[in-house]
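For the single chain, residues carry numbers from 1 onward in sequence order. Because the structure is predicted, anything quoted here is derived from the model rather than measured.
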Amino acid sequence: PSRARRPPAAADLGHAARDAARLLGRGRLLGGKGQLYEGGVRMPGVARWPGVVPAGSVSSTLVSTLDLFPTIIAAAGLNISKVLPAGYAIDGRDFGAVLRDPSAPTAHDVFLHYCGFTPIGARVHGRYKVFWATQRWHTFDAANYSICTECCNGVVPAGKIFFGVKAHQMCQCDEGALEWHGGAPVVFDLHTDLMETTPLNGSAWPAGAPITYEEVVALANRTRDAM
């Protein structure tokens, strides 16, 4: 077509620590920049495509910047399986259906969250957040809540000037910075607990949930092991 299309735009608004976000009034989600809690990964996005994206529409469906590649390939009328080498797996999915209908479900049965190159978390059916491991907020230092309650080790001088906190280096992803949860991953239900304050397990699973704890973990495990 002769008319250029503006690609989706997104802005990472993750904050360094929830303490800083509280001081600036920027929200109250758990975690911050460099962490895999919602405060570190959830971000708004804007898409404009006249004739395709309904004007003024809003969607809460899970999509990712990783989805841009397969979505653009599909919009160009190409088959993603013929573009990629045989057997080459990618995390992204075509979210064209969400662009056309904001109520469409996520294309991700399971979406992996990486710490560096290591998948340590996953979203299952867009609802359940599984953590095989969580990042230690105070990686090497003893917790010092006079500095901040949710921060990793390290001192950033600008932090005290702009946020009133002294320690908010991005969390690390080496083994010493991760706490693994063994055969009982931590799960949060983001439909009822977007703040991620109530971890769930097999013995504390909500009654009437459409899927069991074991099924959620099994789906996440299979996707992680296939990558």
Side-chain angles (χ1 to χ4, degrees), residues 13-15 17-19 21-22 26-32 34-45 57-64 66-67 89 91-95 97-115 118-138 143 145 149-150 171 173 177-227:
L13 300 181
H15 33 263
R18 192 167 65 180
D19 306 80
R22 175 172 48 79
R26 290 185 179 175
R28 302 179 63 86
L29 293 175
L30 183 66
Q35 295 176 321
L36 296 181
Y37 291 109
E38 290 299 287
V41 298
R42 181 175 286 260
M43 51 195 283
S57 60
V58 178
S59 176
S60 59
T61 300
L62 169 68
V63 299
S64 166
L66 295 173
D67 299 331
D91 292 276
R93 298 290 183 270
D94 173 14
F95 67 91
V98 180
L99 292 175
R100 294 170 175 83
D101 177 5
S103 65
T106 179
H108 295 276
D109 288 333
V110 178
F111 179 81
L112 296 175
H113 288 291
Y114 289 82
C115 190
T118 304
I120 67 169
R123 281 277 291 277
V124 177
H125 296 330
R127 174 173 180 174
Y128 300 99
K129 185 90 161 282
V130 177
F131 282 102
W132 296 289
T134 46
Q135 293 157 291
R136 301 179 190 277
W137 280 330
H138 290 270
Y145 297 115
T149 58
E150 295 178 9
C171 293
C173 297
L178 299 175
E179 180 180 352
W180 291 92
H181 302 295
V186 173
V187 179
F188 295 97
D189 183 350
L190 298 185
H191 280 193
T192 60
D193 182 28
L194 189 60
M195 291 289 298
E196 296 170 288
T197 59
T198 307
L200 303 173
N201 55 37
S203 61
W205 196 249
I211 190 171
T212 67
Y213 169 85
E214 291 76 15
E215 290 170 331
V216 167
V217 172
L219 283 169
N221 286 345
R222 284 200 295 270
T223 301
R224 176 195 59 182
D225 296 343
M227 292 304 292

Side-chain donor/acceptor pairs under 3.5 Å, residues 127-134, sequence neighbours excluded:
residue, atom, partner, partner atom, Å
Arg127, NE, Asp189, OD1, 2.8
Arg127, NE, Asp189, OD2, 3.3
Arg127, NH2, Asp189, OD2, 2.8
Lys129, NZ, Leu36, O, 3.0
Lys129, NZ, Glu38, OE2, 2.7
Lys129, NZ, Glu196, OE2, 2.9
Trp132, NE1, Asn221, OD1, 2.7
Thr134, OG1, His181, NE2, 3.1

- Which atoms form the tightest heavy-atom contact between Leu62 and Gly126, and what is the distance? CD2-CA, 4.3 Å

- Query: Distance-only, no hydrogens or angles: does the Asp67 side chain make a donor-acceptor pair with backbone N or O of Phe95 under 3.5 Å?
  - Reply: no

- To the nearest 0.5 Å, what is the distance between CD1 (Ile120) and CH2 (Trp180)? 6.5 Å

- Task: Given side-chain contact (heavy atoms from CB on, under 4.5 Å), test His125 with Asp109 step by step and report yes or no.
- Result: CA-CA 5 Å; His125 296 330; Asp109 288 333; 4.2 Å; yes

- Message: If I take atom CG from residue Leu112 and atom CG from residue Leu66, how far apart are they, to the nearest 0.5 angstrom?
- Response: 10.0 Å

- Quick one: OG1 on Thr192 to CG on Leu200, what's the gap to the nearest 0.5 Å? 7.0 Å

- To the nearest 0.5 Å, how far apart are CZ in Arg100 and OG in Ser57? 12.5 Å

- Message: Could you work out, with side chain to side chain contact (heavy atoms under 4.5 Å, CB included) as the rule, every residue matching Asp101, not counting sequence neighbours?
- Response: Ser103, Ala104

- Heavy-atom closest contact (Thr198 atom, Asp193 atom, distance): N-OD2, 2.8 Å

- Message: If you compare all heavy atoms of Pro102 against all heavy atoms of Thr61, which two are closest, and at what distance to 0.1 Å?
- Response: O-OG1, 3.5 Å

- Task: Kindly state each residue pair satisfying ring pair (Phe, Tyr, Trp, His ring centres under 6.0 Å) with at least one member in residues 206-227, sequence neighbours excluded.
- Result: Trp205-Tyr213

- Item | Listed once per pair and sorted, the salt bridge (charged side-chain N to carboxylate O under 4.0 Å, His left out) pairs that draw on residues 208-227, sequence neighbours left out | none

- Message: Is there a side-chain contact between Leu178 and Cys115 in this structure, where contact means two heavy atoms from C-beta onward sitting under 4.5 Å apart?
- Response: yes

- Item | Partners passing side chain to side chain contact (heavy atoms under 4.5 Å, CB included) against Pro199 (at least two apart in sequence or in another chain) | Val186, Phe188

- By salt bridge (charged side-chain N to carboxylate O under 4.0 Å, His left out), which residues pair with Asp94, not counting sequence neighbours? none

- Message: If I compare all heavy atoms of Pro105 with all of Val98, which pair ends up nearest, and what's the gap?
- Response: O-CG2, 3.9 Å

- Message: Keeping Thr106 on the side-chain end and His108 on the backbone end, is there a donor-acceptor pair under 3.5 Å?
- Response: yes

- Task: With the side chain counted from C-beta on, respond yes when Leu219 and Ile211 share a heavy-atom pair under 4.5 Å apart, and no when they do not.
- Result: yes

